[in-house]
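Here the structure comes first, spelled out in structure tokens, and everything after it is commentary.
In what follows, residues are counted from 1 in the order of the sequence shown. All values below were derived from every heavy atom in this structure, side-chain atoms included, with hydrogens, water molecules and symmetry-related copies excluded. This is a predicted model, so every value here is computed, not measured.
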Amino acid sequence: MRIEETDVLVVGAGPSGLTTTALLARDGISMIAVNRYPGTAHTPRAHITNQRAMEVFRDLGIEEKVLARALPADQMGNNVWATSVAGRELARSHAWGTGPDRAGDYAKSSPCSMTNIGQHDLEPILRDRALELGADLRFNTELVSISQDADRVEAEVVDHTTGEHYLIRAAYAVGADGGRSVVASQLGFPFEGETGLGSAVNVWIEADLTEHRAHRPGALFFTIQPGRDFWLGAGTFVTVRPWTEFVLIVVYDPATEQIDLSHDALVERAHKVIGDDSVEVTIKDVSEWQLNHVVALEYRKGRAFVIGDAAHRHPPANGLGSNTSVQDGYNLAWKLSLVVRGLADDTLLDSYHDERQPVGRQVVDRALASVGLDPTRVRCGCRAVRRGGPRRARHLLQ
């Protein structure tokens with residue numbers, strides 16, 4: 001079996017992996033990044049991008065490209081709660097620093113502004129920048145197995161284009177491979193928390209809602225209807241393109257409800273939360289996901305690290321997911337760069353866990369509290385997050 005050697009192996013090419021890859025490439029670090037999928041995200045997924053993440057993008061030289069594709073800060077506007085998009089408005093609040101009581105705080109805190117950009121638009125910008133900087137970025141390449149000893153990490157990968165299996169040996173490995181991280185699972189990273197707290201469906205739609213939304217712009221619009229009070233109400237609209245493209249998020253308790261995912265049923269559901277059956281609705285994509293409350297107890301094990309969703313998994317409330325992931329990658333990348341170049345001792349890498357793990361814990365707790373649940377009541381120890389339907393995570397064996 002062919003063997004390749006490098007200083008850093010990055011597994012995964014979402015926001016955290018691409019950020020790490022681009023930063024390492026900028027510093028001229030020998031590295032290989034692999035991603036099992038043929039390309040970047042094909043749906044909007046994460047969208048709220050905060051000032052700290054934008055500062056990272058400024059440092060990478062892509063801030064202007066992100067802003068050009070994003071819903072700008074002054075359009076993120078109000079969070080609205082209504083009986084339907086066309087129906088009675090129940091409440092409205094300034095959001096994301098757009099209100100007069102907070103605008104000054106946001107302006108003082110950073111030279112960068114909030115934005116709202118879908119993950120399907122953000123990731124190609126990060127990918128292109130990484131490639132411009134000379135990154136060795138390999139899509140359609142899946143991690144099969146990974147192990148480590150005191151001197152190196154060894155990973156077997158498969159190139160799905162050619163079918164070839166080969167080994168990558170690296171001084172360090174970064175697991176940026178998401179909520180079902182192979183790196184975290186096979187290298188024994190311990191986790192604390194619970195999975196399957198709820199289920200959700202993202203329905204990416206095209207629908208011209210200019211008449212109902214242009215006069216009250218905002219990144220989020222919540223609909224509240226009788227019989228639909230589980231977490232986010234009847235459905236939440238995330239703005240992808242104002243005011244014609246959205247992601248409709250429906251969160252439900254699988255113990256009491258199942259969602260009909262047929263085309264006709266989803267169009268009917270969309271019309272119900274829009275409140276206007278005359279609006280033409282085109283469904284672009286449907287994806288299902290779970291709400292979890294999980295954080296790694298260790299962000300470093302030997303020569304391996306976890307970042308992004310591989311380290312922390314939580315509801316999307318407050319838009320903390322991709323932002324925390326980008327900042328994980330930024331924190332780790334400069335430290336790896338210094339160590340690999342011989343400018344710092346390996347012990348510097350311990351500070352990645354020390355600085356980012358408490359942030360991950362705060363983020364998963366805040367996200368859960370924001371949807372009305374007490375984080376302390378759903379916390380348990382676990383060795384790994386298990387796949388499948390709602391269930392408690394397995395207790396950590398001491």
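A cation-pi geometry, defined here as NZ or CZ lying under 6.0 Å from the six-membered ring centre and within 45° of its normal, does not hold between R300 and F189.
Under a 4.5 Å side-chain heavy-atom criterion applied to ILVMFWY residues, the cluster that includes V144 comprises V158 as well.
The structure places OG1 of T49 at 7.0 Å from CE of M54, a figure rounded to the nearest 0.5 Å. For the atom pair NE2 (H353) and OH (Y299), the distance works out to 9.0 Å, reported to the nearest 0.5 Å. R180 contributes atom CZ, which lies 12.5 Å from atom CG of D309 (distance to the nearest 0.5 angstrom). We find the CG-CD1 distance between N116 and I48 to be 4.5 Å, quoted to the nearest 0.5 Å.
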I'd like to know whether H120 forms a ring pair (Phe, Tyr, Trp, His ring centres under 6.0 Å) with W204, so could you lay out the CA-CA distance, the side-chain angles of the two residues, the decisive distance to 0.1 Å, and finally the verdict.
CA-CA 12 Å; H120 67 312; W204 184 11; 5.1 Å; yes
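Counting heavy atoms from C-beta on, the side chains of R45 and V247 never come closer than 4.5 Å. No side-chain heavy atom of T98 sits under 4.5 Å from any side-chain heavy atom of D74. Counting only heavy atoms from C-beta outward, the side chains of L338 and L348 approach each other to under 4.5 Å. Counting heavy atoms from C-beta on, the side chains of F246 and V203 never come closer than 4.5 Å. At least one side-chain heavy atom of L266 sits less than 4.5 Å from a side-chain heavy atom of V286. The closest side-chain heavy-atom distance from R26 to L23 is below 4.5 Å. At least one side-chain heavy atom of L187 sits less than 4.5 Å from a side-chain heavy atom of I146. Looking only at side-chain heavy atoms (C-beta outward), T115 and N50 stay at 4.5 Å or farther from each other.
The pair D121-R241 meets the salt-bridge criterion, with a side-chain N (NZ, NE, NH1 or NH2) lying under 4.0 Å from an Asp/Glu carboxylate O.
No hydrogens or angles considered: a donor-acceptor pair under 3.5 Å links the side chains of D59 and Y330. Counting only N and O atoms by type, the side chains of S110 and E55 include a donor and acceptor under 3.5 Å apart. Checked by atom type, the side-chain pair S84/T223 shows no donor-acceptor distance below 3.5 Å. Under the 3.5 Å distance criterion, with hydrogens and angles disregarded, no donor-acceptor pair is assigned to the side chains of N292 and E194. Side-chain contact check for H293 and D365: at least one donor-acceptor pair (N or O, by modelled atom type) lies under 3.5 Å. In this model, no donor atom of one side chain and acceptor atom of the other lie less than 3.5 Å apart for S262 and D264. Using modelled atom types and a 3.5 Å distance limit, the side chains of Q119 and H47 yield no donor-acceptor pair.
Ring planes of F305 and Y172: tilted class, angle from 30 to 60°. Between F237 and F221, the angle of the ring planes goes over 60°, which puts this pair in the perpendicular group of the 30/60° scheme.
Here the closest heavy-atom approach between residue L18 and residue E123 is recorded as CD1-O, 3.6 Å. In plain terms, the two heavy atoms of A270 and L248 that are nearest each other are CA-CD2, 4.1 Å. Contact record, D27 with S337: OD2-OG, 2.7 Å, taken as the closest heavy-atom pair.
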List the atom pairs, with distances to 0.1 Å, where a side-chain N or O of residues 162-170 and a protein N or O form a donor-acceptor pair under 3.5 Å, not counting sequence neighbours.
from: T162; atom 1: OG1; to: E164; atom 2: N; distance (Å): 3.2
from: E164; atom 1: OE1; to: R2; atom 2: NH2; distance (Å): 3.1
from: E164; atom 1: OE2; to: R2; atom 2: NE; distance (Å): 2.9
from: E164; atom 1: OE2; to: R2; atom 2: NH2; distance (Å): 3.4
from: H165; atom 1: ND1; to: E156; atom 2: OE2; distance (Å): 2.8
from: Y166; atom 1: OH; to: R138; atom 2: NH1; distance (Å): 2.9
from: R169; atom 1: NE; to: E154; atom 2: OE1; distance (Å): 2.6
from: R169; atom 1: NH2; to: E154; atom 2: OE1; distance (Å): 3.1

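A single hydrophobic cluster is not seen to contain both L60 and M31; linkage of ILVMFWY side chains at heavy-atom distances under 4.5 Å, directly or through other members, places them apart.
Proximity of the aromatic rings of H215 and W243 is defined here by a centroid distance below 6.0 angstrom, and this criterion is not met.
No donor-acceptor pair closer than 3.5 Å links the side chain of R213 to the backbone N or O of P242. S325 places no side-chain N or O within 3.5 Å of a backbone atom of N323 that could act as its donor or acceptor partner.
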